[in-house]
Amino acid sequence: MNMMSEAAVEKALDKKMNDISYKMIGKDVSVYYGEKRALYDVNLNVRENTVTALIGPSGCGKSTFLRTLNRMNDTIDGCRVTGRITLDTDDIYDPAIDVVELRARVGMVFQKPNPFPKSIYENVAYGPRIHGLAKAKADMDAIVEQSLQKAGLWNEVKDRLQEGGTGLSGGQQQRLCIARAVAVSPEVILMDEPCSALDPIATAKVEELIHELRANFTIVIVTHSMQQAARVSQRTAMFHLGNLVEENDTDKMFTNPDDQRTQDYIMGRFG
Amino acid sequence: MSQVSMSPSMAALGAASRPERRDIGLRGRYAAERRFRLYGMAAIAFGLLFLFLLLFSVVSKGYTAFQQSMITIPVEFSEQIIDKDNERATNPQKLVSANYPVVARDALARVLGVAADDRAAMREVNGMISDSVRVQLRNLVTANPAIIGTTQPVTFLAHGDLDSAFKGQINLDVPEKDRKISDRQIGWMNQLAESGALSKHFNTGLFVNGASSRPEAAGVGVALIGSLYMMLIVLVLSLPIGVAASIYLEEFAPKNRFTDLIEVNINNLAAVPSIVYGLLGLAVFVNFAGFPRSAALVGGLVLTLMTLPTIIIATRAALKAVPPSIRSAALGLGASKMQTVFHHVLPLAMPGILTGTIIGLAHALGETAPLLLIGMVAFVADVPATPMDPATALPVQIYMWANEAERAFVERTSGAIIVLLIFLILMNVGAILLRRRFERRW
Ligand SMILES: Nc1ncnc2c1ncn2[C@@H]1O[C@H](COP(=O)(O)OP(=O)(O)OP(=O)(O)O)[C@@H](O)[C@H]1O
Ligand SMILES: [Mg+2]
């Protein structure tokens, strides 16, 4: 179990703890939807330039935790978050933190591909445009091309950038959404079951992509596929009924987990 | 269930021992479907029938209103009648108050060969000419006094009864004393028609004239302008206010008791009878704010109040229909709430908003009751220059004409309905075109 003492958190805030640098630190995170409690004092740290997989049975609070990391929970009526989450040294629930700026630093890819009903170019350019990241048209073109290249989509769409983003196949749409998130140059990318609507080939492409993105970004991914968690992540966190059961190196998690419940879940005995 | 492969013999066996087909009520289900389709088609046929009846009755009665009988004859602007004592240089009023109908009557009598001392005949000749000739000739003379003493060809309106007779709308089998036009007048009418002096022209007067007690000179001009002003006022006020209110309620307002209450009230307001809005407008805009009665401004404000709930409900429905994933996508990229709404949600909701707005406007265009209460049912002869001037509206004009007795007003009532319907069709076509433009989804 990865329970951290208060002192440990303070140390981590200095970004130094056993040579591991933590990008985001969640301390005693609880989430309530109205009266209903969905997360119980979760302490989970996200390492920099690492892929962290969140696994667990349906309804255990993976998406809920993921959404606390870029405050997408703010958009849900009656949702309340307690505890403390830091991004580098900033407490992201501090009233002084601007949520717009936070989301520019912590991007998100959703379960269902949700491109805007606009052109492919516009989809990718939208984020940089609202954040004023490109001054000239040429800069924007460069950002769009780089982002699409990082998302492994450039070669497929370079001749039809002005066509609609919703006219792409499901897998292409999801990669477009990843390109869109990448275009803003966030520090962390959150992915909520990004492959659940994709076929094995598209899934393989996205997984490959996650591998490559790891060099520049910190990634947190929710997945229902144990194989996927094993393939793409270095760290894995297991949730159950709103509790964080265990967080460990992915290798250890899948071979020799500390917690019996993890063992049972991975072996397919519940969930 | 792990059959790996099926040998041909097994397949044959399978076919032979195929179980009895279960009765899953297919026949009943298909029958139900057929019946339902039949109901649907019957309902549509019924609706179309009534639509056709409505259009047929209106058009068949009203198309003649777009033509008007006119008499073209040489008219002598006799100095003897207009300005006997030659005072016009000193008294300009003389030209205004001169007896112009007599000028026209004499001209027509001369063409028909009626002796000037046959007073009964002269009265009947006079009965063939529209009273509007007074204003027409007066305008001609005051604009150019030099025509006094000359003879000019002039085209003027035939009297409404002559117009009806010429269009064949008066039953000539009725005894002469019971109809509005005498046998002698019918004879003259045929004589004039043969010589080409009496003919039908396109009725521009219907579109430019204001109210008149003489049907041949009455038009929907004032009503058209009044309705146009009101539509502009309604559009300019209710679209921005309605859309702003809906966006705030739907996207920004917290969901609590208070906003629930507002929502219920808006829905109720949409169902409030329009005459209540008329009373409200009378109390607030006329009696309290002191705006002039009968003005298009007040009518527009009242109709705005009436249209707002419709637009708000339609806009909120359109906003609700935008998939939440689009909002999440924009918010997740760091767009502010406002950017999310204006860059993504509003464009997607636009077709729905426009449809709602046009439906609201169309309702407002056909609304009569509240306008009666704020005095737009007045007799307005002059085209209103501004929305502050007295005006009427198309449906009110129809209502007023429908209450008139003359035959010539009957066709004008239907004619005005046709004009109103054309207006509505144009608005709907506009709505469809706008929808097309905005609906360019990828
Ligand atoms: N918007 C919401 N309003 C109310 N309750 C919610 C909402 N979203 C989630 N919950 C509740 O919070 C709990 C955790 O939900 P969450 O979506 O985080 O689960 P999850 O682990 O992502 O499940 P899945 O694997 O099925 O996506 C569930 O019990 C769910 O019912
Ligand atoms: Mg989920």
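It should be emphasised that the depicted structure is a prediction, and the values quoted were computed from it without experimental measurement. Here is the naming used below: chain letters follow the sequence lines, and residue numbers restart at 1 for every chain.
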Measuring from [X]:[atom1] to [Y]:[atom2], what's the distance to the nearest 0.5 Å?
{"X": "B:K255", "Y": "A:D77", "atom1": "NZ", "atom2": "CG", "answer": "6.0 Å"}
{"X": "A:R129", "Y": "B:H343", "atom1": "CZ", "atom2": "NE2", "answer": "9.0 Å"}
{"X": "B:R327", "Y": "A:M72", "atom1": "CZ", "atom2": "CE", "answer": "11.5 Å"}
{"X": "B:S328", "Y": "A:K112", "atom1": "OG", "atom2": "NZ", "answer": "10.0 Å"}

Which bit of [X] comes within less than 4.5 Å of chain B, counting heavy atoms only: side chain, backbone, both or neither?
{"X": "A:V184", "answer": "side chain"}
{"X": "A:P115", "answer": "backbone"}
{"X": "A:R71", "answer": "neither"}

Can you label the angle between the B:H344 ring and the A:F116 ring as parallel, tilted or perpendicular, going by 30° and 60°? parallel
Any side-chain heavy-atom pair from A:V99 and B:S336 closer than 4.5 angstrom? no
So A:M108 and B:L331, do their side chains get closer than 4.5 Å, heavy atoms only? no
Closest non-hydrogen atom pair, B:A329 against A:R180: CB-NH2, 3.4 Å
Contact summary for A:P117 and B:L348, nearest pair of heavy atoms: CG-CD2, 3.5 Å
Run B:L333 and A:R103 through side-chain contact (heavy atoms from CB on, under 4.5 Å) and show every step you take. CA-CA 6 Å; B:L333 279 175; A:R103 292 192 188 132; over 6 Å; no
Are there more than 12 heavy atoms of other residues, nucleotides or ligands under 6.0 Å from atom NE2 of B:H363? no
How about B:F46: does its CZ atom have over 12 heavy atoms from other parts shown lying under 6.0 Å from it? no
Please name the residue in the list B:P324, B:S325, B:P323 that meets the side-chain contact (heavy atoms from CB on, under 4.5 Å) test with A:N114. B:S325
